[in-house]
Amino acid sequence: MTSHWDAIVIGAGPAGASAALPMARAGLSVLMIERRRRVGFPVQCAEYIPRILAGEVNAPEAAVAQRVGTLRTFIEGTLAAENEWPGVILNRVVFDRHLAERAVAAGATLWTNCAVSAVEDGAVLVGARRLTAGVIVGADGPLSITARSMDCAHTEFVYGLQVEAPLVAPMQHTEAHFRPEFLAGYGWMFPKGTWANVGVAVARPAAASLPRLLDAFLAGLRERGVVEPGATRARTGGLIPVGGAPARTMRGRRVLAGDAAGQTDPITGSGIPAAIQCGQAAGEAACNDLGAYEEEWRGLLEHSLNRALRHRRTQCAEWNQGSFERLIRRTWIAFPEYYHAQ
Ligand SMILES: Cc1cc2nc3c(=O)[nH]c(=O)nc-3n(C[C@H](O)[C@H](O)[C@H](O)COP(=O)(O)OP(=O)(O)OC[C@H]3O[C@@H](n4cnc5c(N)ncnc54)[C@H](O)[C@@H]3O)c2cc1C
């Protein structure tokens, strides 16, 4: 078995598969190493992407579960805004598999059920084997060991818990729910035909309460008559890095992309489009000038990421102080104040 590769990509999620594709197309020998047995499974995501970023994501029709038209924002149970917010709810198992298969079709090698246990500059350990590479792309998600190897592991997360719940009637909109008990986070309902992803994400001090918060949230949706009383399914959850990106996302021959790089939006928790854009930028830079990556992705995202980070800091500092509604109106994407802040 080959032990030296032009590029090793750790993680075959959206960031990793998007990084592998341009490198494989350019004729580099590329190895993607994925810990899971099946790419994309289990899903740890609410699967929403806004249509304005659909071009970057370029999802095949088979990976689209449903289209939506508007976003309704509720503050303490009251509808506070309805915005034109077209987007798609993905089927992420299909979507992630599509991205990985595309990279493999271009020539990348994929090892599944295989975890990288340590990362060095230009080498990774897989069990007792040491593999070397000209470039290592750390696309290994929120708890990235590549980031840890570069002394920039994430420390700030929100914690999410989600189920699929049966809908009383199909919906054409998404919902975001803000309540004081959803500490520096929110609840969501994203429809997928006759079911919806219903979840809650909160900051660490409230994480232990997530099962109770999600149950209460579901009970409220049933009371409103939008969710059926029947059983839920597909309980899942995960961490979302919300502390922003480290000062440097590359060091020597290691680069980070996606959640591993903290490119996830700290207010919405959205990270699929950024993972794809930045993964691709990392892969393209690796084919030409790796050093160009840092400037490239920051040019694409840093402005909106920094704005979201400032709003998150405000939420964390002021969550239980003053008017809750005013705070949400200043710090949530559905309100003009969000975009006015410097
Ligand atoms: C509850 C929840 C809801 C979310 N909802 C949305 C949403 O609606 N819209 C949105 O845009 N984003 C959402 N996100 C965020 C989104 O899921 C991530 O931003 C996105 O998956 C990032 O892609 P990635 O490729 O960087 O990381 P991941 O998708 O996490 O992929 C990383 C991969 O690396 C693998 N891996 C990790 N460590 C190793 C290792 N040591 N060796 C080998 N493989 C390894 C993992 O198994 C995984 O497959 C949500 C996240 C959560 C937790």
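All ligand and atom numbering here is 1-based and tracks the order in the structure. The figures that follow rest on heavy atoms only: side chains count, while hydrogens, waters and symmetry mates do not. As the structure is a computational prediction, the values presented were derived from the model and not from experiment. In what follows, residues are counted from 1 in the order of the sequence shown.
- Each of the following atoms of ligand 1 lies closer than 4.0 Å to a heavy atom of L239: 53 (C).
- Near P273, the atoms of ligand 1 lying under 4.0 angstrom from a non-hydrogen atom of the residue are 11 (O).
- Annotation: atom 8 (O) of ligand 1 to nearest protein heavy atom, Y48 N, 3.0 Å.
- Around CZ of R222, the count of heavy atoms belonging to other residues, nucleotides or ligands within 6.0 Å exceeds 12.
- Residues W85 and T174 have side chains that never bring a donor and an acceptor to within less than 3.5 angstrom of each other.
- Note: Y338 and H311 meet the aromatic proximity criterion, with ring centroids under 6.0 Å apart.
- Ring geometry for F157 versus Y159: interplanar angle over 60°, hence perpendicular rather than tilted (30 to 60°).
- In terms of protein heavy-atom proximity, atom 44 (N) of ligand 1 is closest to R35 N, 3.0 Å.
- Ion pairing of R67 with E61 is present here, as a side-chain N (NZ or NE/NH1/NH2) and a carboxylate O approach within less than 4.0 Å.
- Ligand 1 has no nitrogen or oxygen under 3.5 angstrom from a nitrogen or oxygen of T264.
- Looking at A46, G279, G141, G87 and measuring to atom 4 (C) of ligand 1, the nearest heavy atom belongs to A46.
- Atom 19 (O) of ligand 1 has D259 OD1, 2.7 Å as its closest protein atom, hydrogens excluded (heavy atom only).
- If you check which protein heavy atom lies closest to atom 42 (N) of ligand 1, you get V116 N, 3.0 Å.
- Within the structure, ligand 1 has A139 among the residues with a heavy atom less than 4.0 angstrom away.
- Interface of G238 with ligand 1, defined as ligand atoms under 4.0 Å from a residue heavy atom, comprises 53 (C).
- Near I33, with a cut-off below 4.0 Å to any heavy atom, the atoms of ligand 1 are 43 (C), 44 (N).
- With hydrogens and angles left out, the side-chain atoms of D265 and S270 include no donor and acceptor closer than 3.5 Å.
- In terms of polar-atom proximity, defined here as any N/O pair under 3.5 Å, A15 does make such a contact with ligand 1.
- Remark: ligand 1 atoms within the under-4.0 Å shell around heavy atoms of R36 are 47 (O), 49 (O).
- Close approach to C114 involves these atoms of ligand 1, each under 4.0 Å from a residue heavy atom: 43 (C).
- Atom 20 (C) of ligand 1 has R92 NH1, 3.8 Å as its closest protein atom, hydrogens excluded (heavy atom only).
- In summary, the atoms of ligand 1 found under 4.0 Å from a heavy atom of P14, numbered by their order in the structure, are 23 (O), 25 (O), 29 (O).
- Note on ligand 1: G269 sits in its first shell, one or more heavy atoms being nearer than 4.0 Å.
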_Between Y48 and W188, does the ring-ring contact (aromatic ring centres under 6.0 Å, His included) criterion hold? Intermediate values first, please._
CA-CA 10 Å; Y48 172 79; W188 62 86; over 10 Å; no

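- Across L143, D140, T236, heavy-atom proximity to atom 37 (C) of ligand 1 is greatest for D140.
- Closest approach of G199 and L214 over heavy atoms only: CA-CD1, 3.9 Å.
- Looking at atom 6 (C) of ligand 1, its nearest protein heavy atom turns out to be C45 SG, 3.3 Å.
- Contacts between Q162 and ligand 1 below 4.0 angstrom, taking non-hydrogen atoms only, are absent altogether.
- Enclosure of atom CZ in R204 is not indicated, since only 12 or fewer non-hydrogen atoms of other residues, nucleotides or ligands lie within 6.0 angstrom.
- Between W332 and Y186, the angle of the ring planes lies from 30° to 60°, which puts this pair in the tilted group.
- Within the structure, ligand 1 has E34 among the residues with a heavy atom less than 4.0 angstrom away.
- The protein heavy-atom contact nearest to atom 12 (N) of ligand 1 is G271 N, 3.0 Å.
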_Show, in sequence, the C-alpha distance, side-chain angles and deciding distance for R92 and E47, and conclude whether the salt bridge (charged side-chain N to carboxylate O under 4.0 Å, His left out) test is met._
CA-CA 6 Å; R92 267 207 67 181; E47 304 176 292; over 6 Å; no

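- Ring geometry for W319 versus F178: interplanar angle of 30 to 60°, hence tilted.
- Look at E337 and R326 and you find no salt bridge, because none of the NZ, NE, NH1 or NH2 atoms lies under 4.0 Å from a carboxylate O.
- Using modelled atom types and a 3.5 Å distance limit, the side chains of S149 and R254 yield a donor-acceptor pair.
- Counting the atoms of ligand 1 from 1 in the order shown, those under 4.0 Å from a heavy atom of I272 are 9 (N), 10 (C), 11 (O), 12 (N), 19 (O).
- The protein atom (non-hydrogen) at minimum distance from atom 52 (C) of ligand 1 is Q44 O, 3.3 Å.
- When the shell of 6.0 Å around CD of E295 is examined, it contains 12 or fewer heavy atoms from other residues, nucleotides or ligands.
- Residue contacts with ligand 1: S18 is excluded, as none of its non-hydrogen atoms falls under 4.0 Å.
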